[in-house]
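A short write-up of the structure that comes next.
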Amino acid sequence: MKPLPEIRLMPTRPALDARPLEKRVGLIILATDHTSEPDFRRMVASDRIGVYVARIPYANPTTPENLRKMQPELSAGAALILPDEPLDAICYSCTSASVVIGDAEIEAAVQAAKPGIPVVTPPMAGVRGLKALGAKRVSILTPYTIETSRPMATYFAERGFDILSFACLGFEDDREMARIAPAALIELAREATHAEADALFVSCTALRAALAVPGMEQAIGLPVVTSNQASAWNCLRLCGDDKPRPEFGRLMTLPLG
């Protein structure tokens, strides 16, 4: 072997940018999640906005009891995202758990690790999205069981929406929910939407529903808000990105409000 060259320390160091990317979005997802990360990469990440992900423990089936078990993990998950560095937004990507645990409790748990960072949950973003669209009478579609869907109905009713119809698919495993084809969701949206609704909300971050939004909107002739689409929209707007993205649905053309 030839002798190694002498390692030389450069006499000057390059200047440092304030951040590698201008904006930072934290994303806390379930250990079993197949969908949130690709959706945020598609809808949020850019050469200006970075998406930084932490996974927390979760075990199926998707029941209110199992969903609540994630609450103690939220602070640790948030702390793992760029430790000791600020974020511009942080999203906990589970709709049903956010409803069962509560937005305020999730915000407190996340901000225990990331003080002062705006926290987004999918149902919170869904409410903001429906209001931005001017929707008051809504239909809701979930992949969950009736037991897990019931708190979702209460959540939206308590926030002033008139729920004209609510349909669920009866799945208990979020990994199976992720395997529902986006094309199938278009037909399900048609079947689930009430004739007098102003909009359809499709719940669950496991569903590949964000890919189906344009097709669903065309099929029912109404705005469609989905968990990941609304969360991405909310995070983009918190990062100061107001660029319309009609390819992701009507909501993605609107300001946060």
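Here, residue 1 is the first one in the sequence, and each next residue gets the next number.
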| query | Going by the side-chain hydrogen bond (donor to acceptor under 3.5 Å, both in side chains) test, which pairs reach into residues 201-210, not counting sequence neighbours? | reply | Y144-S203
Report all side-chain donor-acceptor pairs from residues 159-167 shorter than 3.5 Å, counting only partners two or more places apart or in another chain.
{"from": "R159", "atom 1": "NH1", "to": "Y155", "atom 2": "O", "distance (Å)": "3.0"}
{"from": "S165", "atom 1": "OG", "to": "S139", "atom 2": "OG", "distance (Å)": "2.6"}
{"from": "S165", "atom 1": "OG", "to": "A192", "atom 2": "O", "distance (Å)": "3.0"}

Does a side-chain heavy-atom distance below 4.5 Å link [X] with [Y]?
| X | Y | value |
| --- | --- | --- |
| R19 | P86 | yes |
| T35 | L207 | no |
| R175 | H34 | yes |
| L200 | L141 | yes |
| E217 | P223 | yes |
| Y58 | C94 | no |
| V99 | L67 | no |
| E172 | T145 | yes |

Output side-chain donor-acceptor pairs under 3.5 Å for residues 119-131, partner residues at least two apart or in another chain, one line each.
{"from": "T121", "atom 1": "OG1", "to": "D103", "atom 2": "OD1", "distance (Å)": "2.7"}
{"from": "T121", "atom 1": "OG1", "to": "M124", "atom 2": "N", "distance (Å)": "3.3"}
{"from": "R128", "atom 1": "NH1", "to": "N234", "atom 2": "OD1", "distance (Å)": "2.8"}

| task | Verify whether one side chain among S149 and T142 offers a donor that lies under 3.5 Å from an acceptor in the other. | result | yes
| Will you find, in the side chains of N60 and N66, an N or O donor that is under 3.5 Å from an N or O acceptor? | no
| field | T62/D174 under side chain to side chain donor-acceptor pair (under 3.5 Å): CA gap, chis, key distance, verdict | value | CA-CA 7 Å; T62 301; D174 71 317; 5.0 Å; no
Nearest 0.5 angstrom please: [X] [atom1] to [Y] [atom2], how far?
| X | Y | atom1 | atom2 | result |
| --- | --- | --- | --- | --- |
| L236 | K243 | CG | NZ | 10.5 Å |
| M216 | L211 | CE | CG | 9.5 Å |
| D33 | I28 | CG | CD1 | 12.5 Å |
| C91 | F40 | SG | CZ | 4.0 Å |
| I101 | E107 | CD1 | CD | 14.0 Å |

| query | Taking everything shown except Q218 itself, do over 12 heavy atoms lie less than 6.0 Å from its CD? | reply | no
| query | Are there more than 12 heavy atoms of other residues, nucleotides or ligands under 6.0 Å from atom CG of L256? | reply | yes
| field | Among L238, I117, L27, the one residue meeting side chain to side chain contact (heavy atoms under 4.5 Å, CB included) with I90 | value | I117
| request: Give the minimum heavy-atom separation between A209 and T226, together with the two atoms involved. | output: CB-CG2, 3.8 Å
| query | Between L222 and T193, what is the shortest heavy-atom contact and its length? | reply | CD1-CG2, 3.8 Å
Salt-bridge present ([X], [Y]; N to O < 4.0 Å):
| X | Y | result |
| --- | --- | --- |
| D173 | R179 | no |
| R24 | E85 | yes |
| R42 | E37 | no |

| query | Given the rule that I, L, V, M, F, W and Y join up when any side-chain heavy atoms are under 4.5 Å apart, are V225 and Y92 in one cluster? | reply | no
